[in-house]
Amino acid sequence: MPVQVIDGTPENLLPSHLQKVDLKYLQMGCDQANKYFQGTVILSYPLTKLVNGTEFFKIVLQENSCSKTSTINVLFFGRLAGDCGKVVHQGDTMVVAGFNVAKSPSANEDNRHCCHLEVSEDAGSAVYIYAKPSIVTASETPVAPKYTYTPLNHLKGGTIVNLYGAVKFFKPPYISKGTDYCSVVTIVDQSNVKLTCTLFNGNLDALPKIYKIGDIVRFHRIKIREYNNQMQGITGIGFASLTFDGTVGAPIVPRTSSKSYSFTEEEQKTIEELRTWAASNLLVCEPTAKLSGVQPMLFFDLTCQLVGKAEVDGSSFLLKVWDGTKCPYPSWKVLVEESDLEGDKVLICRLRNLIVDILVYDNHVKLAKSLKVGSFLRIYSLHTKQASAENQPNVSYVEFHLHGGTCYGRGIRVLPENNPDVKELKAFMDSVNLTEFQNVESMSSMELDGIFSNLSRKILTDHQHLDDTALNTILNSSVPQQYRIRAKLRTFKPEKLYQSVKLYCSKCNSLQEVPNDDDFDLILRDCAATAPNPEVHNSLWYDSAVWDTENQGQRKIAVHFVKHDELLQEPEDTLIMVQGATLKEIRKLSRRFKCIIPVRSTKEDLELLDLSAPFLLQGKIWHYGCKQCSNQKTIQNLSSLAEEEPSWEPTEIAQVLGIEPLQYVFVMKFTLDDGTGALDAYLFDYEKFFQIPASEVLTSSLLQEKMEMIMNILCPPGTKLDDLPWLECFIKSYNVKDGMEQQVCYQIYDTVVAEDVI
DNA sequence: TTAGGATTCG
């Protein structure tokens, strides 16, 4: 008898040769002949027939374990389907033996086991059903609780009913002023009567998981009462809900936190009918948009991923999000202390041109704080506001606000990873070519204008808690001290901004000019005069290749490829040592190889060139070492860095080579004036102030233009002192000994040009 | 208890 209904518990009643299999060990291709699976029936679908006339029946079994995927679909075919379909109840314990295991086509959607079980007489299956004690098993017909659903035009105050409806409006769950989460949901059905329900629960998961207008909900045991001459639904004891995607034709997979729930064929029909009705009767004008489609002055719903978050103040909180597309307008950047920003800094930097900053206010702050970086969100009724800079009203940028309150469903909802919109978003994000957006050089000049227009407001400091001090007070005060000041930038030096870039040695505090290309070219030519020594070619840690040059006499170029354990070595990860090449050839090589170390050969070994030349070239960045502080070691030491995946950090390379690296810095003199007095303050900065790395300015005309624009805004040429913009910055005073004399100097510190230059 | 739909201070 392939189907047996047994009263009681499974133990000791099964044939002794059968062994129990756990879902976590279940996989395709294993012999299941002597295995059985036991689980509780949590869902059964209506008995139906396949196209070929075979009877078909599907249930979901839940394993009584705490493993993550604890449910599995079980498909019955033929006579077994008919037999089981007639006697199975929700809550029954079922044992299936002699099944086939196949890949579940719906695993992605239903989150159940990646395989399903196929049960049929042909496969030699046997099914044992241990009826739930509370159900009288003598009965031949299934006993499932029968729910009746009240149409929305038949509601009476003071009753508790079951309802179906299409969501016409909703507020995603928010933290109420009481003890619970609250969600307000307005539903409508074919009677065209709508009902607004106010739902409370201390557990966020117990509230309906509505993601968009048009979703279908089923409410069980909702209390109906009258409020303001209208019917109102409210949560009562035993309230439960299921939510379904409202799209016609989409899989009917209930979203619920209930472990078990009833679901019948009739109800499936109800949902399909409601979907069809809603499609033509519910105005679903979704205000969703991608960032690429945002318009200023708009409210819309944004589906995005959270990449960073930071507290701004008690009533506002910053969310950094992206959706894979680029906002067509310059957007604001909210300045926060870097230490306050939670999220992967490297990722935030990589995505910087795709990320938008959203400020959420008041009641949304608490929820925003609890969000996990990396999660997918839908932010409802997000407001884009157009703003423009004070002195350039024709150039505007966009601010993103989630205002306080819950009007129009304003709020934030975390979307699960299996949500179809999230899946689509992830796939899109994976396809985005990030390099296209990483480079500031990919920005149009209009965008740059827009971004820099923000700068006109002021220079911002990291220390907002200090009060401003007048310059004459500073001039008459003891040294050293730190101040916040408000002043105008009367003049600055050097006027040619590229001249502000210097090389600095943090060990001996020396500053030097950046050597020019011609000097380097001369050194290279000098080296190329001596042919590479073949005896030092190919060693344990590098492979060598030599090329002859055409029409250039005897000059040979040797390239030594440093080996590492990676099987496939990409040029962009490779360090090469080059000998005999000209500057032009080195530039060409540096477009392809991650790191280049110019070398020459002695009788015994390869060695570095004179430190007037860069010791390392990484793309456009040339790294120099301090002649005074370096204590050069043999080039053999490089082999210690050639691991499996060497990162080729310039600092590490410098260290093993005994080189004290020089840093690129901006050195400028600002003459500041606040009406009470004037003083010269030095700016000494690597990249923080302008948000431009000093190391890249000399080789990028765009970055030079960018700097020029910033300075033009801080100190517009030909402007009278009165008309100059006010700047806020931090300065500190200190003493410098000049021979026998003490001199007081001022330096700008911890100051950043607002607001987005990144 | 909370909220009871109905945009924008930032």
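The analysis underlying the following values was restricted to heavy atoms, covering all of them including side chains, and did not include hydrogens, waters or symmetry mates. Protein chains get the first letters and strands the later ones, always in sequence-line order, with residue 1 at the start of each.
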Take the protein atom [atom1] of [X] and the nucleotide atom [atom2] of [N], then report the distance between them rounded to whole Å.
| X | N | atom1 | atom2 | result |
| --- | --- | --- | --- | --- |
| Leu402(A) | dG10(B) | CG | P | 15 Å |
| Asp313(A) | dC9(B) | CG | P | 16 Å |
| His403(A) | dT7(B) | NE2 | P | 13 Å |
| Glu399(A) | dC9(B) | CD | P | 13 Å |

Mutual orientation of the aromatic rings belonging to Tyr380(A) and Phe170(A) [parallel < 30°, tilted 30-60°, perpendicular > 60°]: perpendicular
Assign the ring pair Phe690(A) / Phe666(A) to parallel, tilted or perpendicular, where the plane angle (0 to 90°) is split at 30° and 60°. perpendicular
Tell whether His383(A) reaches the base of dT8(B) with its side chain through a donor-acceptor pair below 3.5 angstrom.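 When only heavy-atom distances are counted, His383(A) does reach the base of dT8(B) through a donor-acceptor pair under 3.5 Å.
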Taking atom CD1 as the centre, does Ile237(A) end up with more than 12 heavy-atom neighbours from other residues, nucleotides or ligands that are less than 6.0 angstrom away?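 Counting neighbours around CD1 of Ile237(A), 12 or fewer heavy atoms of other residues, nucleotides or ligands fall under 6.0 Å, so no.
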Please test Tyr361(A) against His401(A) for ring-ring contact (aromatic ring centres under 6.0 Å, His included), starting from the C-alpha separation and ending with a verdict. CA-CA 8 Å; Tyr361(A) 299 96; His401(A) 301 271; 5.7 Å; yes
Please measure how far the P atom in dT8(B) lies from the corresponding atom in dG4(B), and state the result in whole Å.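 That atom pair is separated by 14 Å.
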Sequence neighbours excluded, which residues qualify as ring-ring contact (aromatic ring centres under 6.0 Å, His included) partners of Phe317(A)? none
Show, in sequence, the C-alpha distance, side-chain angles and deciding distance for Glu417(A) and Lys423(A), and conclude whether the salt bridge (charged side-chain N to carboxylate O under 4.0 Å, His left out) test is met. CA-CA 7 Å; Glu417(A) 303 261 333; Lys423(A) 284 188 193 166; over 6 Å; no
Which of Ile234(A), Thr150(A), Leu155(A), Leu152(A) passes side-chain contact (heavy atoms from CB on, under 4.5 Å) with Ile224(A)? Answer is Leu155(A)
Quick one: what's the B/S/- string for nucleotides 1-6 of chain B, heavy-atom cutoff under 4.0 Å, read 5' to 3'? BBBBBB
Check DNA chain B against residues 149-161 of chain A and give the residues with a non-hydrogen atom under 4.0 Å, in numerical order.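 Hits under 4.0 Å, by residue number: none.
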Looking at every strand, decide which applies to Gly404(A) at a 4.0 Å heavy-atom threshold: base, sugar-phosphate, or nothing.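 Base contact.
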Return the stacking result for dT7(B) and Phe299(A): yes when the ring centres lie under 5.5 Å apart and the planes under 30°, no otherwise. yes
Ignoring hydrogens and angles, state whether a donor on the side chain of Tyr149(A) or Glu267(A) is under 3.5 Å from an acceptor on the partner side chain. yes
Validate the cation-pi geometry between Lys290(A) and Phe428(A): distance from NZ or CZ to the six-membered ring centre under 6.0 Å, angle to the ring axis within 45°.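 Yes, Lys290(A) and Phe428(A) form such a contact.
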